[in-house]
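First the structure, in the form of structure tokens, and then the observations on it.
Here the structure is a predicted model, which is why all the values come from computation and not from measurement. Residue indices begin at 1 and follow the sequence shown.
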Amino acid sequence: MTGASSQKEHILVVDDDQRIRQMLARYFEDEGYRVTAVADGAAMRDALRSDAFDIVLLDLMLPGESGLELARDIRARFETPIIMLTGKDDVLDRIVGLELGADDYMSKPFHLREVLARIRTVLRRRAPPRQEAPAEADQVIFEGWTLDLSRRSLTRADGQMVDLTTGEFDMLAVMARNAGRVLSRDRLMDLTRGRNLEAFDRTIDAQIARLRKKIEDDPANPQIIKSVRGIGYVFTSRLEPS
């Protein structure tokens, strides 16, 4: 067994193609993961009610409810990372999927080793860094918000935590760490996801738009993350001592 996961992360595969389900399940199990594979939305919900999952591989084209509808349902109730799989090479579908909270997107046909690499990358981003104790420098405070980089959490001034997807957290952390610097979309892709064939400018725009809805008083007139025409974005808030 190569590259086995010591923590036995649990993967939920949702795909109506039995051959693909079996292929993915067998491959991930050989790599040391637990796998549950189902064919549709109803079976997916049953699985989510009965067990905990570390990541969901969700096909876009499913009978009945589409993968986009199911992604919306997952994100409304869970923070479980989602990687969307699809036979459609449609930019609009990618954008909608990312706006709904998907953490990554892959088109079929795919290479099994690449899917595994994507899973490991998303799970690695989700896990807090190993350290003996959180350091003060691991907290970024701005405009009453507290971004805890070690616990991967965001808290409002009133103490209420705000749910962020893996991608949203990574984007906000990168922006805050580079406060005052204009970052191009290319640079943001490099810093948050690593450049790959699935990355494109609208991915970044979708992440920023979702972040603004969660942290800006007026998302239509943002004061924390501002656009720089023709270049990218800049985090303009002053960081406070933690």
Side-chain angles (χ1 to χ4, degrees), residues 5 7-14 28 33-38 41 43-60 65-85 94-106 115-116 118-131 134 138-140 145-156 158-176 191-194 198 203-204 206-216 219 225:
S5 166
Q7 298 300 316
K8 283 285 187 179
E9 289 97 341
H10 196 176
I11 301 172
L12 176 59
V13 176
V14 186
F28 295 144
Y33 295 86
R34 293 176 59 204
V35 183
T36 297
V38 299
M44 181 199 79
R45 290 188 180 89
D46 288 342
L48 289 170
R49 279 194 293 266
S50 61
D51 211 336
F53 295 90
D54 296 285
I55 194 165
V56 178
L57 265 66
L58 179 59
D59 186 31
L60 179 66
E65 295 174 283
S66 71
L68 292 177
E69 292 173 305
L70 296 179
R72 182 185 294 109
D73 190 20
I74 293 172
R75 189 54 66 234
R77 298 186 292 141
F78 304 98
E79 287 302 307
T80 309
I82 302 169
I83 296 179
M84 302 202 74
L85 304 174
R94 297 186 188 189
I95 294 169
V96 173
L98 291 164
E99 288 177 340
L100 290 175
D103 295 272
D104 207 345
Y105 206 113
M106 293 190 66
V115 180
L116 180 61
R118 298 289 187 93
I119 288 174
R120 287 174 172 167
T121 297
V122 171
L123 290 176
R124 189 163 54 245
R125 290 196 194 111
R126 182 176 178 81
R130 295 180 181 178
Q131 56 184 44
D138 286 338
Q139 289 191 343
V140 178
W145 295 94
T146 299
L147 183 68
D148 192 313
L149 302 176
S150 63
R151 294 186 173 88
R152 296 183 66 85
S153 64
L154 179 66
T155 308
R156 300 191 326 191
D158 61 5
Q160 182 176 344
M161 294 186 65
V162 175
D163 289 334
L164 296 178
T165 66
T166 301
E168 290 167 355
F169 182 91
D170 291 340
M171 180 64 69
L172 183 55
V174 164
M175 296 296 296
L191 292 173
T192 58
R193 308 170 61 85
E198 300 295 332
T203 305
I204 300 300
Q207 293 279 14
I208 294 293
R210 288 166 48 208
L211 263 181
R212 284 171 168 169
K213 291 178 181 178
K214 294 186 177 183
I215 67 173
E216 298 278 5
I225 300 178

Completion exercise
One should read off an interatomic distance between Y33 OH and D54 CG, to the nearest 0.5 angstrom, of 9.5 Å
Practice task
Return yes if some donor-acceptor pair links the side-chain N/O of R75 with the main-chain N/O of T80 below 3.5 Å, else return no.
Solution key: yes
Problem - pair R124-T121: side-chain heavy atoms closer than 4.5 Å - result: yes
Fill in the blank from the handout: Sorted by chain and number, sequence neighbours left out, side chain to side chain donor-acceptor pair (under 3.5 Å) with T36 holds for H10
Exercise for the section: Could you tell me whether the side chain of E69 and the main chain of S66 form a donor-acceptor pair under 3.5 Å? Expected result: yes
Handout entry: Stepwise side chain to side chain contact (heavy atoms under 4.5 Å, CB included) check, F169 with L149
Key = CA-CA 9 Å; F169 182 91; L149 302 176; 4.2 Å; yes
Problem - Spatial distance of atom CD1 (I83) from atom OH (Y105) [nearest 0.5 Å] - result: 13.0 Å
Exercise for the section: Say whether T146 and D148, considering side chains only, have a donor N or O and an acceptor N or O under 3.5 Å apart. Expected result: no
Exercise for the section: Please tell me if the side chains of V35 and F53 come closer than 4.5 Å, counting only heavy atoms from C-beta onward. Expected result: no
Exercise for the section: Go through the steps for V14 and D59 under the test side chain to side chain contact (heavy atoms under 4.5 Å, CB included), then give the verdict. Expected result: CA-CA 6 Å; V14 186; D59 186 31; 5.8 Å; no
Problem - Evaluation steps, side chain to side chain contact (heavy atoms under 4.5 Å, CB included), between R34 and D51 - result: CA-CA 11 Å; R34 293 176 59 204; D51 211 336; 3.1 Å; yes
Completion exercise
One should read off an interatomic distance between R210 CZ and E168 CD, to the nearest 0.5 angstrom, of 3.5 Å
Completion exercise
One should read off an interatomic distance between W145 CH2 and K214 NZ, to the nearest 0.5 angstrom, of 10.0 Å
Problem - Test side-chain contact (heavy atoms from CB on, under 4.5 Å) applied to I215 and L147, L164, V162, L154, the passing residue - result: L154
Exercise for the section: Could you grab the distance from atom CG of L70 to atom CE of M84, nearest 0.5 Å is fine? Expected result: 8.0 Å
Handout entry: Distance (rounded to the nearest 0.5 Å) between R49 CZ and M44 CE
Key = 9.5 Å
Exercise for the section: Using a strict cut-off of less than 4.0 Å between a Lys/Arg side-chain nitrogen and an Asp/Glu carboxylate oxygen, indicate whether R152 and D138 qualify as a salt bridge. Expected result: no
Practice task
Could you walk me through whether R77 and D73 pass side chain to side chain contact (heavy atoms under 4.5 Å, CB included), step by step?
Solution key: CA-CA 7 Å; R77 298 186 292 141; D73 190 20; 3.5 Å; yes
Exercise for the section: Specify the closest pair of heavy atoms between E216 and I225, including all atoms of both residues, with the distance to one decimal. Expected result: OE2-N, 2.9 Å
Completion exercise
Paired with L12, the side-chain contact (heavy atoms from CB on, under 4.5 Å) test is passed by just one of V38, L58, L57, namely V38
Problem - Atom of D103, atom of P81 and distance for their closest heavy-atom approach - result: OD2-CA, 3.1 Å
Fill in the blank from the handout: Contacts of E65 meeting side chain to side chain donor-acceptor pair (under 3.5 Å) (sequence neighbours excluded), chain-then-number -> R45
